[in-house]
Amino acid sequence: MTYLIIGIVILITSLFIYKAYINTKDIQINRINIEASKSSTLASLSILHLSDLHLENISISPEELEQKLSGEAPDLIALTGDFLDKKRTIPKLRPYLQVLQDMKPKYGMFAVLGNHDYVLKKADLNHLKQTLQEFNCTILQNQNITVSMGGQHLNIIGIDDYSTNRSDLTKAYEGIEQGVNLVLTHDPTVVLDMKKQAFDYLLAGHFHGGQICYPRAYHLVKMGRLARKKIIKGLHIQDGNPFYISEGLGQTGFNIRIGSRPEITFHTFTN
């Protein structure tokens, strides 16, 4: 009788883990429409946002990603960190970047780094950055760049990772021009400190939507003030400014998801 009970428990646990793994293949494609501020004359802008690929634990192949993105034509691609944390995984990033580069976004592809990327030693981190740059991806580490859109300036501001104390808001906004401010960062908690830094939209990731929610992501409490407010995914407003937290495309730790799903997000600015 005891062996039977143990067998049933093992079977139920195995089925549960298998279902949790299958969840990592259930990629959600979300489309978010954002109304530009009344002071903006920015023409319609479409952004493909990917975050937290965690290539050690990702359940979508480059070929599958290409199929998911087929027919899409974003103006800009935003990557908000945590690509990987082991040097041997860096070559695995290349075919994913090739898929994105082949989309030929009008205004380019931009990236910030996350806490897992910074686990790499300096030489390996440089290798990661060089790989991104090889595929025409601009990396912003407390930097900004301005692109012109029909006479309107779009300021793309990359704030370095907040969770590892690399954010420098003053430096990130240095020399900023008058225009629409799009912020890319990894840990969205930085929005709580942005009292003097204006933004029209901010994109982030980091929390994986909890990844394992039972039924809530209690384990995220240690990840800072925003997580303690249970703000871990989706669209939110801070001091009147909208920001979006992606659930990420890959997983960390165990390659399972419970109560969350991998995410590809398209954001569209409209007047």
Side-chain angles (χ1 to χ4, degrees), residues 3-32 48-72 74 77-86 88-100 103 114-117 119 186-188 203-223 227 230-235 244-267:
Y3 291 114
L4 177 61
I5 293 173
I6 293 173
I8 292 172
V9 170
I10 292 174
L11 177 61
I12 292 173
T13 302
S14 298
L15 290 173
F16 183 77
I17 292 173
Y18 177 71
K19 178 60 169 64
Y21 169 70
I22 292 300
N23 288 344
T24 68
K25 296 178 174 292
D26 183 18
I27 314 293
Q28 304 296 299
I29 298 180
N30 295 321
R31 298 182 186 274
I32 310 298
L48 166 60
H49 177 205
L50 299 178
S51 194
D52 298 83
L53 271 66
H54 287 287
L55 289 172
E56 286 82 15
N57 284 313
I58 191 169
S59 296
I60 182 172
S61 69
E63 294 76 20
E64 290 169 333
L65 179 62
E66 184 176 27
Q67 290 175 3
K68 293 282 187 184
L69 299 177
S70 178
E72 302 288 351
I77 296 176
L79 309 175
T80 52
D82 272 9
F83 296 95
L84 45 87
D85 53 20
K86 293 181 174 60
R88 67 172 181 268
T89 314
I90 296 175
K92 187 177 178 179
L93 178 61
R94 299 179 66 86
Y96 290 93
L97 292 175
Q98 186 66 64
V99 169
L100 300 178
M103 297 183 79
N115 55 301
H116 279 261
D117 303 314
V119 170
H186 181 64
D187 182 352
L203 299 177
H206 189 48
F207 297 133
H208 304 184
Q211 186 172 319
I212 302 173
C213 304
Y214 42 90
R216 293 182 179 177
Y218 298 107
H219 58 292
L220 291 187
V221 169
K222 64 181 182 294
M223 295 182 72
K230 300 182 178 63
I231 300 174
I232 59 172
K233 63 180 179 180
L235 184 64
Y244 191 88
I245 307 172
S246 169
E247 295 193 56
L249 196 54
Q251 293 68 236
T252 186
F254 298 101
N255 196 22
I256 59 175
R257 282 184 181 258
I258 302 168
S260 67
R261 295 294 185 275
E263 177 176 4
I264 296 169
T265 321
F266 291 94
H267 305 263

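Any value given below was found using the heavy atoms of this structure, including those in side chains, with hydrogens, waters and symmetry copies removed.
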Asks: What is the minimum heavy-atom distance between Gly205 and Ser51, and which atoms define it?
Replies: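 Of all heavy-atom pairs spanning Gly205 and Ser51, the closest is CA-OG, 3.5 Å.
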Asks: Hey, what do you get for NZ (Lys25) to CZ (Arg257), rounding to the nearest 0.5 Å?
Replies: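 Reported value, rounded in 0.5 Å steps: 13.0 Å.
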Asks: How many angstroms lie between atom NZ of Lys68 and atom CD1 of Ile264, to the nearest 0.5 angstrom?
Replies: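 Interatomic distance, Lys68 NZ to Ile264 CD1, rounded to 0.5 Å: 6.5 Å.
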Asks: I'd like to know if the side chain of Gln211 and the backbone of Phe254 have a donor-acceptor N/O pair within less than 3.5 Å.
Replies: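 Yes: the side chain of Gln211 pairs with the backbone of Phe254.
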Asks: Is the side chain of Glu263 donor-acceptor paired with the backbone N or O of Glu247 at a distance under 3.5 Å, no angle test?
Replies: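 Pair found, side chain donor or acceptor close to backbone of Glu247.
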Asks: So which atom in Ile58 and which in Leu249 form the shortest heavy-atom distance, rounded to 0.1 Å?
Replies: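 Nearest pair, atom of Ile58 first, then Leu249: CG1-O, 4.0 Å.
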Asks: Would you tell me whether Asn255 and Ser59 have side-chain atoms, one donor and one acceptor, within less than 3.5 Å of each other?
Replies: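 Asn255 vs Ser59: donor-acceptor pair found between side chains.
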Asks: Would a 4.5 Å heavy-atom cut-off, applied to side chains only, mark Ile231 and Ile245 as touching?
Replies: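 A side-chain contact under 4.5 Å exists here.
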Asks: Could you grab the distance from atom CD of Gln28 to atom CG of Asp26, nearest 0.5 Å is fine?
Replies: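 Rounded to the nearest 0.5 Å, the CD-CG separation comes to 4.5 Å.
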Asks: Check for a donor-acceptor pair, side chain of Lys92 on one end and backbone N or O of Leu55 on the other, with a separation under 3.5 Å.
Replies: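 Here the side-chain-to-backbone pair exists.
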Asks: Is the backbone N or O of Thr265 less than 3.5 Å from a side-chain atom of Asn30, with the two atoms forming a donor-acceptor pair by type?
Replies: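 Here the side-chain-to-backbone pair does not exist.
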Asks: Under a 3.5 Å distance rule, please check whether Asn57 uses its side chain to pair with a backbone N or O of Gly253 as donor and acceptor.
Replies: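 Yes; at least one donor-acceptor contact below 3.5 Å.
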Asks: Between Leu84 and His116, is any pair of side-chain heavy atoms under 4.5 Å apart?
Replies: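 Answer no - side chains too far apart.
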Asks: Determine whether the side chains of Thr80 and His49 contain a donor N or O and an acceptor N or O closer than 3.5 Å.
Replies: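 Yes, a side-chain donor-acceptor pair sits under 3.5 Å.
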Asks: How long is the span from the CG atom in Leu53 to the CG atom in Leu79, to the nearest 0.5 Å?
Replies: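 Here the rounded value is 7.5 Å.
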Asks: May I ask you to decide if Glu64's main-chain N or O and Ser61's side chain share a donor-acceptor pair within less than 3.5 Å?
Replies: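 Flag set: sc Ser61 to bb Glu64 pair under 3.5 Å.
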Asks: Which atom names give the shortest non-hydrogen contact between Ile256 and Gln251, and what distance separates them?
Replies: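 Closest pair (atom of Ile256, atom of Gln251, distance): O-CG, 3.8 Å.
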Asks: Which atom names give the shortest non-hydrogen contact between Cys213 and Gly259, and what distance separates them?
Replies: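 Of all heavy-atom pairs spanning Cys213 and Gly259, the closest is SG-O, 3.9 Å.
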Asks: Donor-acceptor check, side chain of Asp82 to backbone of Asn115, threshold 3.5 angstrom: yes or no?
Replies: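 Confirmed, Asp82 side chain pairs with Asn115 backbone.
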Asks: Work out which heavy atom in Ile232 is nearest to a heavy atom in Gly210; give both atom names and the distance.
Replies: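 Answer, listing the atom of Ile232 first, then Gly210: CD1-N, 3.9 Å.
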Asks: Find the distance between CE (Met223) and NE2 (His208) and round it off to the nearest 0.5 Å.
Replies: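 Answer rounded to 0.5 Å: 7.0 Å.
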Asks: Which heavy atom in Phe266 sits nearest to a heavy atom in Leu69, and how many Å separate them?
Replies: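 Scanning both residues completely, I find the closest heavy atoms to be CZ-CD2, 3.8 Å.
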Asks: Just how far is it from atom CG of Leu203 to atom NE2 of His186, taken to the nearest 0.5 Å?
Replies: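 Those atoms lie 13.5 Å apart.
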